[in-house]
2 protein chains.
Amino acid sequence: MTATESPTTHQLADWLKVLAEPRRLQILNLLMAGVQCNCELGAHLDLAPNLISHHLSVLRKAGLVEVERDGGDARWVYYAINRPNLEALTAAFASFFDPARILPRQPSCGPQATFVSDELIMGSYPS
Amino acid sequence: MTATESPTTHQLADWLKVLAEPRRLQILNLLMAGVQCNCELGAHLDLAPNLISHHLSVLRKAGLVEVERDGGDARWVYYAINRPNLEALTAAFASFFDPARILPRQPSCGPQATFVSDELIMGSYPS
DNA sequence: ATAATACTTCAACCACGATTGAAGTATATC
DNA sequence: GATATACTTCAATCGTGGTTGAAGTATTAT
C-alpha cells in the first residue's frame, strides 16, 4: 500500500519548502510592506543582487511573487506579492494545521488495539 | 545596518524548516487523525522505524509533538500533537502571511522614488 | 537467563540547494 | 559608439540534513 496524498498536500509541501528559508521570509516580509525593487531589497537585507534575484526567482516559480518592469526606465523591475496565491497558501495551511482536526487516540496497534478503519486514519485530509 | 527580526519571525522560520519535509507532514497528518505509535506510522508511510524515530525527534524538539509511554507495556510509545504549540504555529503563520498586511507600492528607490521612513518598511511585522 | 519486541542512537554516505564570484543581458545615459 | 546602471544567469564550491545500515537500550515474554 502506498500512501496516497491529496494535491493540496503536495502543493502545501512545495510551498513550505520555498518558505523554509530565512532570507525568503525576509524578502516576503519586505514585499508585504510594499518594497519592491531588487536593489532596495538588497540594501535592506545586506544581500548581493544575484542572491536577491535567485530567491525572487524561487518565489516567482512558486507563484508567491509577481514581477513588473518600470514603464519609464525598463532597467528597474518591481516585485509584488501575488495576493490570490498568498490567500490560497494561508487557506491551505490553516486547513491542514487546523487544531480542530486533532482526533483522540484510536489505537489500532499496541496493547489496547482495536479495529480502526483505514478511511478514518488516512482520509482525514482534506476534509 | 543589520536587519533586526522579531522573535516570532525566528520561531516561524524554525518551524517552517521543520515542516518543509514531506515525510514530516505525512506524520503530522496521521497524528492529527489520532494515530500515535511508531510502528503504525511506519506501516502507513512504508518507512523504516529509525526514520520515523528521527523525524519524530525533530518534531518533538520543535515542540510540535509530545511523547508518552504505554502504562501497561512500556515498550510502546505514543505520539500526539502538541495542541498549544500547534495553535501558536497557526497563529504565527496566519499573522505573518496575512494578506491584509500587503501595502501598496511606496517607491524609495528607482525613477519615482520618494522618501519612505524606515519604520514603515521594517516595522511592519509584527504589527 | 535467554530471546524477542519496540524503539533509539550512531556513523557513514549522499543529494539538494544556498552561496560565491564571474560573466552575460538589456536598457539608459553621455 | 562607449560607458554606466539594474538585474540575470552561469559554473563551482560548500554545508546542511535526510537516508542507510548497523549497533545499542529498555522492557516484556519464555
Side-chain angles (χ1 to χ4, degrees), chain A residues 13-28 30-31 35-62 65-80 105 107-113, chain B residues 13-28 30-31 35-62 65-80 105 107-113:
Chain A
D14 290 343
W15 271 332
L16 289 176
K17 213 171 167 189
V18 168
L19 298 178
E21 172 58 59
R23 298 267 158 82
R24 287 200 278 269
L25 277 187
Q26 292 177 320
I27 289 175
L28 286 176
L30 288 174
L31 289 181
V35 179
Q36 289 154 333
C37 75
N38 188 319
C39 66
E40 203 167 22
L41 292 169
H44 278 290
L45 301 177
D46 195 25
L47 219 58
N50 58 345
L51 270 186
I52 301 281
S53 216
H54 163 66
H55 288 305
L56 282 169
S57 157
V58 174
L59 289 169
R60 206 164 55 81
K61 279 170 189 156
V65 158
E66 283 173 330
V67 69
E68 186 191 357
R69 286 199 172 267
D70 188 292
D73 187 335
R75 288 174 300 180
W76 297 76
V77 299
Y78 301 109
Y79 292 96
R105 184 172 155 226
S108 69
C109 184
Q112 301 94 4
Chain B
D14 291 343
W15 270 333
L16 289 176
K17 213 171 167 188
V18 167
L19 298 178
E21 171 59 60
R23 298 265 158 85
R24 288 200 277 269
L25 277 187
Q26 291 175 320
I27 289 174
L28 285 176
L30 289 174
L31 289 182
V35 179
Q36 289 155 333
C37 75
N38 188 320
C39 65
E40 203 167 21
L41 292 169
H44 278 290
L45 301 177
D46 195 24
L47 218 57
N50 58 345
L51 272 187
I52 301 281
S53 217
H54 164 65
H55 287 305
L56 283 169
S57 156
V58 174
L59 290 169
R60 206 163 55 80
K61 278 169 189 158
V65 159
E66 284 173 329
V67 68
E68 186 190 355
R69 288 200 171 267
D70 189 292
D73 186 336
R75 287 174 301 180
W76 297 77
V77 299
Y78 300 110
Y79 291 97
R105 183 174 155 225
S108 69
C109 183
Q112 299 96 3

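Reminder, nothing fancy here: chain letters follow the sequence lines and each chain counts from 1.
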Considering every strand and a 4.0 Å limit on heavy-atom distances, what is the contact class for A:G72: base, sugar-phosphate, or nothing? sugar-phosphate
Residues B:L31 and B:Y79: closest non-hydrogen pair is CD2-O, 3.5 Å
Would you sort out whether B:L41 and B:L56 count as a side chain to side chain contact (heavy atoms under 4.5 Å, CB included), showing the intermediate values? CA-CA 10 Å; B:L41 292 169; B:L56 283 169; 3.9 Å; yes
What's the shortest heavy-atom distance between A:A80 and A:Q36, and which atoms? CB-NE2, 3.8 Å
Double-helix bend of the helix from C:dA1-D:dT30 to C:dC30-D:dG1, axes at both ends from 5 pairs, round to 10°, gives 0°
Spell out, as yes or no, whether a donor-acceptor pair under 3.5 Å connects the side chain of A:R60 to the backbone of A:V67. no
Whole-Å gap separating P (D:dT16) and CD (A:E21): 13 Å
OP1 or OP2 of D:dG17 sitting under 4.0 Å from any side-chain N/O of B:K17? yes
Does any N or O in the side chain of B:R105 come within less than 3.5 Å of the main-chain N or O of A:V35, such that one atom is a donor and the other an acceptor? no
Residue pair B:R24, B:H55: steps toward the side chain to side chain donor-acceptor pair (under 3.5 Å) verdict: CA-CA 6 Å; B:R24 288 200 277 269; B:H55 287 305; 3.0 Å; yes
A:Y78 and A:D70: side-chain donor and acceptor closer than 3.5 Å? yes
Nearest-angstrom distance from the residue atom CZ of A:R24 to C1' of C:dA18: 8 Å
Considering all heavy atoms, the nearest B:L19-A:L16 contact: O-CD1, 3.9 Å
Length of the line joining B:L47:CG and D:dG21:P, which is rounded to integer Å: 13 Å
Which parts of nucleotides 2-14 of chain C does protein reach within less than 4.0 Å, heavy atoms only, written one letter per nucleotide 5' to 3' as B for base, S for sugar-phosphate only and - for none? ---BSSBB-----
